[in-house]
Participant: 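Handing you this structure, nothing more for now.
Below, read A as the first sequence line, B as the second, and so on, with proteins coming before strands; counting in each chain starts at 1. FYI, side chains are in, hydrogens and waters are out, and symmetry mates aren't considered; it's all heavy atoms of this structure.
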Number of protein chains: 2
Amino acid sequence: MDEKIAILRSAIGRFVAPTDQEWDMLAPWLSVKTIKKHELFCREGERADLVGFMLSGTMRHYYTRDGIEKTTYFYFENHFVSSYISCITGQPSQLTFEALAECELIVFPYHKMKQLFKQSILWQEFGRLIAEYLAKGLEERMAGLLMLSPEERYLALISSDKTKILERIPQHYIANYLGITPVSMSRIRNRVTKK
Amino acid sequence: MDEKIAILRSAIGRFVAPTDQEWDMLAPWLSVKTIKKHELFCREGERADLVGFMLSGTMRHYYTRDGIEKTTYFYFENHFVSSYISCITGQPSQLTFEALAECELIVFPYHKMKQLFKQSILWQEFGRLIAEYLAKGLEERMAGLLMLSPEERYLALISSDKTKILERIPQHYIANYLGITPVSMSRIRNRVTKK
DNA sequence: TGATTTTATTATCCTTTGTTATCGTTCCGG
DNA sequence: CCGGAACGATAACAAAGGATAATAAAATCA
């Protein structure tokens with residue numbers, strides 16, 4: 001347990017450097033949670049109030065439209081996972097989070113986090129930096145969608161895949177992620193490998 | 001001047017409620033700036049350090065790729081405008097901001113803002129809420145790009161255009177914003193109005 | 001005002017993607 | 001270990017968007 005906490009602490013350290021005292025404000029609310037393959041971390045329509053940190057496993061999140069799932073993001077070990085927009089707005093989540101492989105998480109309730117924001121400028125700063133990090137990632141992703149063709153997006157993904165998406169995620173989910181259909185992605189792969 | 005400041009203060013009030021004392025931390029760094037039509041607020045390749053609040057006017061921002069401008073956002077009176085990602089990362093801006101109509105802004109340097117973050121939990125919270133607001137908007141926009149067809153995106157825009165984009169922005173910029181070509185957008189308009 | 005530039009529409013042609021269906025293969029649960 | 005479901009590749013066809021060019025309308029500005 002302690003070493004799991006240590007991993008989280010180091011991940012938080014990428015954003016802020018809490019003192020022991022500040023850390024003790026957070027620690028009581030942490031718990032470990034396991035999610036089996038195909039189980040859900042968060043369900044569409046429900047208000048989310050859980051932020052997780054992935055110790056291991058794989059997760060995807062998807063929107064549902066006309067009964068069709070559109071997968072738009074993947075999560076791996078050592079990263080935070082949450083229906084963050086739902087947490088911050090208090091609105092029902094538009095997203096469903098599903099484990100693609102068994103996940104071990106450290107979780108804490110966002111409403112407790114909000115209390116920390118009020119109590120401590122360090123945790124308030126942490127909240128800011130997390131939101132900025134999120135915004136930065138979304139901005140980059142959106143620029144790719146607006147500026148690049150599907151084929152270019154695929155090429156960009158394979159040439160910068162630090163997160164092992166291609167090895168660990170079924171192709172039809174990746175196609176969703178790139179904003180194209182699985183069939184089209186298969187064609188692109190065919191086209192690209194022949195060059 | 002004072003009434004301009006009052007407008008900004010009310011806009012900030014949508015996020016936090018500064019006391020007079022907290023407000024005095026910010027006020028010294030505020031100034032009014034005018035940008036004539038076709039002039040730039042921020043230039044690609046330069047590190048941005050300016051956050052603006054639009055009192056009047058219209059602005060767009062665009063990426064440049066192979067010498068082609070891709071307009072991806074518009075700004076109107078009563079909203080904040082900034083190459084925020086560049087401000088928070090300190091990296092050169094990927095975006096250029098151009099006034100489409102003469103703009104009057106209240107501006108303040110982001111590096112001063114960062115000092116306020118350190119000094120005051122209220123301003124730190126303001127920073128968080130701004131970033132969250134940005135993330136929320138980007139998330140929504142990205143979901144649209146991934147889930148909707150160009151025609152659906154156009155229809156979504158015209159049916160929810162609170163920002164007067166359609167009336168005040170040339171169509172070929174809007175086409176960029178929707179991720180399609182101007183010609184394609186013209187076809188969609190034709191198709192849609194016949195129904 | 002008149003000339004030039006910018007903007008929007010339309011037509012043509014071509015490429016790409018979406019859709020649907022088929023066919024192996026792999027994966028997984030009973 | 002077997003059988004059904006999930007997955008990926010491929011084919012055929014339809015629909016849509018991209019590229020280009022021509023034209024018309026509108027805005028800009030000297």
Participant: Using the 3.5 Å cut-off, write out each protein N or O paired with an N or O of nucleotides 13-17 of chain C and the distance between them.
Facilitator:
| residue | atom | partner | partner atom | Å |
| --- | --- | --- | --- | --- |
| C/dT17 | OP2 | A/R191 | NH1 | 3.1 |
| C/dT17 | OP2 | A/R191 | NH2 | 3.2 |

Participant: Can you tell me if B/R189 touches the phosphate of C/dT9, counting only side-chain N or O atoms and a distance under 4.0 Å to OP1 or OP2?
Facilitator: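 True: B/R189 side-chain N/O within range (under 4.0 Å) of C/dT9 OP1/OP2.
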Participant: From B/E22 CD over to B/L26 CG, what is the distance, rounded to the nearest 0.5 angstrom?
Facilitator: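 Separation between the atoms: 11.0 Å.
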Participant: Testing B/Y133, B/Y75, B/F97, B/Y110 one by one against B/Y84 for a ring-ring contact (aromatic ring centres under 6.0 Å, His included), which residue passes?
Facilitator: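 Testing B/Y84 for a ring-ring contact (aromatic ring centres under 6.0 Å, His included) against B/Y133, B/Y75, B/F97, B/Y110 leaves exactly one candidate, B/Y110.
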Participant: Is A/V32 linked to A/M113 within one hydrophobic cluster, defined over Ile, Leu, Val, Met, Phe, Trp and Tyr using a side-chain heavy-atom separation of less than 4.5 Å?
Facilitator: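 Yes; tracing contacts between hydrophobic side chains, which count when under 4.5 Å, links both residues.
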Participant: Once you round it to whole Å, what is the distance between C1' of C/dA8 and CE of B/M185?
Facilitator: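 So the CE-C1' distance, B/M185 to C/dA8, works out to 10 Å.
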Participant: Fit a plane to each ring of A/Y73 and A/Y177, take the angle between them on a 0 to 90° scale, and name the class: parallel (under 30°), tilted (30 to 60°) or perpendicular (over 60°).
Facilitator: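 A/Y73 and A/Y177: tilted rings.
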Participant: Kindly state whether the ring of A/F53 and the ring of A/F108 have centres lying under 6.0 angstrom apart.
Facilitator: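 That pair fails the under 6.0 Å test.
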Participant: With a 4.0 angstrom cut-off to heavy atoms of chain B, pull out the first and last contacting nucleotide of DNA chain D, in 5'-to-3' order.
Facilitator: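 Endpoints of the contacted stretch of DNA chain D: D/dG17 to D/dT28.
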Participant: Just the rounded figure in Å: distance from C1' of C/dT6 to NZ of B/K37.
Facilitator: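 Roughly 11 Å, once rounded to whole Å.
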Participant: For B/V183 and for B/H38, find the nucleotide of DNA chain D with the closest heavy atom, then tell me which residue's nucleotide is more 5'.
Facilitator: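 The residue closer to the strand's 5' end, by nearest nucleotide, is B/V183.
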Participant: Over all heavy atoms of both residues, which pair between B/S86 and B/A48 is shortest? Give the atoms and the distance, please.
Facilitator: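 For B/S86 versus B/A48, the nearest heavy atoms are OG-N, 3.0 Å.
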Participant: Rounded to whole Å, how long is the line connecting atom CD of A/Q171 with atom C1' of C/dC27?
Facilitator: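 Whole-Å distance recorded here is 15 Å.
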Participant: Heavy-atom distance under 4.5 Å between the side chains of B/L122 and B/M25, does that happen here?
Facilitator: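 SC-SC contact between B/L122 and B/M25 ruled out.
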Participant: Is any side-chain heavy atom of A/Y62 less than 4.5 Å from a side-chain heavy atom of A/K70?
Facilitator: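 No, too far: nothing below the 4.5 Å cut-off.
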